[in-house]
> 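Dropping a structure here in structure tokens format, bear with me for questions.
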Amino acid sequence: MKESLYLIIIVFSLSSCSIDEVSSEPASGLTLVLNNIFDLEVSEPSGLTFDPRDNSLWTVSDATNMVYKLSLSGEVMDTLPFVGEDLEGVEYDPSTSSLWIIEEQRHDLIQLNAAGEETARYHLNISSSGNSGLEGICVDDTGSFYLL
């Protein structure tokens, strides 16, 4: 769980950089600074995405297979009614104000609306065995998906 908390802090530290500051040259003297640590009420969080509508975060839980809305200090603000199977990744899509989540072992990409209702499901024809499927998701400004 500590790794997830550090990830939250690193993501926010890096999110303060603009794209103009990014260089293809190796950074010299650049260091990451731990700003804070927050305890989470969500067991086994997996995946993290920022929701700019209210400056919140979304995560999924490997333990409960539920989707949680978090404050920036890690407090659970909401739990969606959707319950999946082996949830791993989550991404907020500003073009549709929806969440995309992945089910690792089923190889499914699922869209949820703001109420947590499933609005679309796509099965991805990929091969993997057991617990070695999809782990992460990202949607860029053009609507392209990147799955890990």
> Looking at every heavy atom in both Met77 and Ser56, which two are closest together, and how far apart are they?
SD-CB, 4.2 Å
> Flag the pair Thr49 / Leu57 as yes when at least one side-chain heavy-atom distance between them is below 4.5 Å, and no otherwise.
no
> Evaluate Ser61 against Glu44 for side chain to side chain donor-acceptor pair (under 3.5 Å), listing each step before the verdict.
CA-CA 5 Å; Ser61 168; Glu44 296 186 49; over 6 Å; no
> Would you indicate whether the side-chain heavy atoms of Gln111 and Leu99 approach each other to under 4.5 Å?
no
> Locate the shortest heavy-atom distance separating Ala114 from Leu80; write the atom from each residue and the value.
O-CD2, 4.0 Å
> Any chance you could pull the hydrophobic cluster mates of Tyr146, using side-chain heavy atoms under 4.5 angstrom and chaining through other members?
none
> Taking salt bridge (charged side-chain N to carboxylate O under 4.0 Å, His left out) as the cut-off, I'd like each qualifying pair that reaches into residues 61-72, sequence neighbours left out, listed once.
Asp54-Lys69
> I'd like to check Ile137 versus Glu91 (side-chain heavy atoms, cut-off strictly below 4.5 Å). Are they in contact?
yes
> Can you name the residues that form a ring pair (Phe, Tyr, Trp, His ring centres under 6.0 Å) with Phe145, not counting sequence neighbours?
Trp100
> Do Ile102 and Asp108 have side-chain heavy atoms sitting under 4.5 Å apart?
no
> Judged by atom type as modelled, is there a donor-acceptor pair below 3.5 Å linking the side chain of Asp140 to the main-chain atoms of Ser144?
yes
> Yes or no on side chain to side chain contact (heavy atoms under 4.5 Å, CB included) for Tyr92 and Arg53, after CA distance, side-chain angles and deciding distance?
CA-CA 10 Å; Tyr92 173 73; Arg53 296 175 298 181; 3.2 Å; yes
> Among Ile110, Asn113, Val60, which residue satisfies the side-chain contact (heavy atoms from CB on, under 4.5 Å) criterion with Phe82?
Ile110
> So which atom in Thr79 and which in Met66 form the shortest heavy-atom distance, rounded to 0.1 Å?
CG2-CE, 3.4 Å
> What pairs with Thr31 under side chain to side chain contact (heavy atoms under 4.5 Å, CB included), at least two apart in sequence or on another chain?
Val33
> Find out if a path of hydrophobic residues (ILVMFWY) with successive side-chain heavy-atom gaps under 4.5 Å connects Ile126 to Leu148.
no
> Looking only at heavy atoms, what is the nearest atom pair of Glu85 and Glu103, with distance?
N-OE2, 2.8 Å
> Please examine the side chains of Leu40 and Tyr68, heavy atoms only from C-beta on, and report whether any two atoms are closer than 4.5 Å.
no
> For Trp58, which residues count as a ring pair (Phe, Tyr, Trp, His ring centres under 6.0 Å) partner, sequence neighbours excluded?
none
> Under 4.5 Å between any side-chain heavy atoms of Leu70 and Val76, yes or no?
yes
> Looking at every non-hydrogen atom in both residues, tell me the closest pair between Asp86 and Asn65 and how far apart they are.
N-OD1, 2.7 Å
> Is the backbone N or O of Leu134 less than 3.5 Å from a side-chain atom of His107, with the two atoms forming a donor-acceptor pair by type?
no
> Are the side chains of Thr119 and Leu112 in contact, using a 4.5 Å heavy-atom criterion?
no
> Hydrophobic clusters here meaning ILVMFWY residues chained together by side-chain heavy-atom distances under 4.5 Å, can you tell me if Leu147 and Val139 are in one?
yes
> Decide whether Leu109 and Leu48 are clustered together by the hydrophobic rule: side chain heavy atoms of Ile, Leu, Val, Met, Phe, Trp, Tyr closer than 4.5 Å, transitively.
no
> Could you work out, with salt bridge (charged side-chain N to carboxylate O under 4.0 Å, His left out) as the rule, every residue matching Glu118, not counting sequence neighbours?
Arg121
> Determine the minimum heavy-atom distance between Thr59 and Pro45, stating which atoms define it.
OG1-CB, 3.7 Å
> Mind checking whether Val67 and Leu87 have side chains closer than 4.5 Å, heavy atoms only?
yes
